[in-house]
Number of protein chains: 2
Amino acid sequence: MPDTRDKLIAEAEVLVRTRGYAGFSYADLAEAVGIRKASIHHHFPTKEDLGLALIAAYGKKYDRALDEIWRKTEDGLKRVEAYAELYLHGLREEQGCLAAAMATEIGILPERIRDGVAQFFERHVAWLARVLSEGRANGTIRDDVSPAQHARMIVATLEGALLMELLLGGPAGFKDTLSALRKSLKPSRPPGPVNRRQPAGARRARL
Amino acid sequence: MPDTRDKLIAEAEVLVRTRGYAGFSYADLAEAVGIRKASIHHHFPTKEDLGLALIAAYGKKYDRALDEIWRKTEDGLKRVEAYAELYLHGLREEQGCLAAAMATEIGILPERIRDGVAQFFERHVAWLARVLSEGRANGTIRDDVSPAQHARMIVATLEGALLMELLLGGPAGFKDTLSALRKSLKPSRPPGPVNRRQPAGARRARL
DNA sequence: GACGCACTACCTTTCAGTCGGTAGGCAAGG
DNA sequence: CCTTGCCTACCGACTGAAAGGTAGTGCGTC
């Protein structure tokens with residue numbers, strides 16, 4: 001039994017991800033959650049408050065997912081693939097990325113929300129940079145990739161693919177992009193046992 | 001002296017690219033162009049009519065640019081870089097992609113506009129697939145890239161990079177992504193005269 | 001009895017869209 | 001040459017609906 005506030009955030013997230021920030025109203029949200037419009041203002045006095053809570057909650061949700069991926073495997077390529085799976089999941093539900101939706105509305109976005117969205121991207125880029133540099137070190141990522149540059153590229157690629165494949169090729173189209181991306185990261189030779197400092201207990205990514 | 005209709009399309013394009021489709025009103029557009037709100041309805045009876053004209057004009061503008069790039073060089077990598085430059089130009093003007101902005105609002109987009117946006121992406125993917133396969137043939141693109149897959153990836157990457165770098169790193173951040181992308185396309189050895197099987201008469205695509 | 005939460009009722013502003021009308025251009029016809 | 005008629009372009013004034021937001025009330029629970 002999630003409390004009302006959580007339900008509001010959950011439903012508002014869906015609305016933004018399918019219609020954009022300016023594209024939904026308190027009336028829409030009220031109907032989705034099953035309370036009255038005025039009651040939403042009790043939890044989120046202004047739409048900006050709601051938007052801020054949305055991007056914060058979305059960011060935390062992703063932080064947890066990144067953390068889980070990190071713990072589940074030390075294989076750089078698998079980590080990236082598990083990261084990509086997060087986007088693919090959105091695509092299957094026919095929902096875009098909340099941050100991307102908000103980012104396209106820069107011009108009308110309250111500044112604090114903009115900051116939240118920027119932080120969202122920054123954290124992902126930083127996390128991927130760590131994944132890549134560690135992957136290079138343990139031989140699971142090509143050694144000619146630049147972690148900083150490729151981290152940016154990966155986020156950009158996945159955000160773009162989600163955006164585009166929502167109306168083009170669906171999951172199949174997304175996977176095309178994904179295999180092209182994989183090719184640019186995979187080491188030409190599989191990591192030899194020398195480089196491999198994988199712990200004894202084999203783990204697997206959930207992808 | 002561009003006529004009013006053209007001015008309306010030009011200004012509306014800016015509005016959508018900075019604020020999204022739902023994020024601007026006829027009142028905003030009227031002010032930007034310097035005519036009255038009612039007069040806009042004379043040219044575009046409904047907002048859907050306007051949106052349709054917008055994506056059509058935007059598509060044509062890009063078609064011309066792609067055509068010019070095609071004619072200017074036969075080097076696959078250079079073609080891709082010139083294509084990327086189109087996005088970079090938007091970034092410098094602090095404007096996102098019109099199609100991307102509309103794509104994030106799928107849930108409220110009139111169907112005909114959705115179709116227009118989907119076509120926009122499809123044409124770009126198709127054009128890039130030709131660029132890549134021809135580039136492979138003349139040795140200016142790595143021979144292990146799959147034109148169909150990489151074409152999708154390139155559009156996705158550039159769309160995503162534009163989206164993200166508008167609030168993150170600006171042109172500098174974009175160029176990071178771009179150099180990572182370049183690395184995945186460039187042949188490991190520069191094209192030798194042996195591989196080069198370019199016909200004497202240069203060809204051109206109409207696209 | 002104070003607080004949390006949802007409600008009814010209402011506010012102001014803005015939204016897309018409509019209406020009737022004006023001003024000017026242009027071509028046909030007497 | 002001058003009227004008549006039709007056209008495009010624009011306008012002020014308006015409409016109903018929907019936007020975000022407010023005020024005050026009731027009602028159950030610590």
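Chain A is the first sequence line, chain B the second, and so forth, proteins listed ahead of strands; every chain is numbered from 1.
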Shortest side-chain distance from A:T4, nucleotide among D:dA19, C:dA16, C:dA6: C:dA6
Under 4.0 angstrom between A:H43 side-chain N/O and C:dA6 OP1 or OP2: yes
Whole-Å distance separating the CZ atom of A:F24 from the C1' atom of D:dG20: 11 Å
OP1 or OP2 of D:dG20 under 4.0 Å from side-chain N/O of A:T46: no
Spacing between A:K37 atom NZ and C:dC11 atom P, to the nearest angstrom: 13 Å
Close side-chain approach of A:E13 and A:K61, heavy atoms under 4.5 Å: yes
Side-chain N,O (B:H42) to OP1/OP2 (D:dC10) below 4.0 Å: no
Rounded distance in Å - CD (A:E31) to P (D:dA18): 11 Å
C:dT14 phosphate, OP1 or OP2, under 4.0 Å from B:S25 side-chain N/O: no
Lys/Arg-Asp/Glu bridge criterion (N-O < 4.0 Å) met for B:D67, B:R71: yes
Residue A:H41, side-chain atoms from C-beta onward, closest of C:dC19, C:dA16, D:dT22: D:dT22
Rounded distance in Å - CD1 (B:I35) to C1' (C:dT22): 16 Å
Cationic tip of B:R79 above B:W127 ring, under 6.0 Å, 45° of axis: no
Interatomic distance where CG belongs to B:D6 and P belongs to D:dA9 [whole Å]: 11 Å
B:Y26 OH to D:dA17 P, straight-line distance once rounded to whole Å: 20 Å
Distance, rounded to the nearest Å, where A:D28 contributes CG and D:dA18 contributes C1': 10 Å
Modelled atom types, side-chain donor and acceptor of B:D75 and B:T73, under 3.5 Å: no
Rounded distance [0.5 Å steps], CD1 in B:I113 versus CG in B:L54: 8.0 Å
Given C:dT8, C:dC15, D:dG12, the nucleotide with the shortest approach to the side chain of B:A27: C:dC15
Spacing of A:F44 atom CZ relative to D:dT22 atom C1', expressed in whole Å: 18 Å
Nucleotide of C:dA6, D:dC14, D:dG20 approaching A:S39 most closely (side-chain heavy atoms): C:dA6
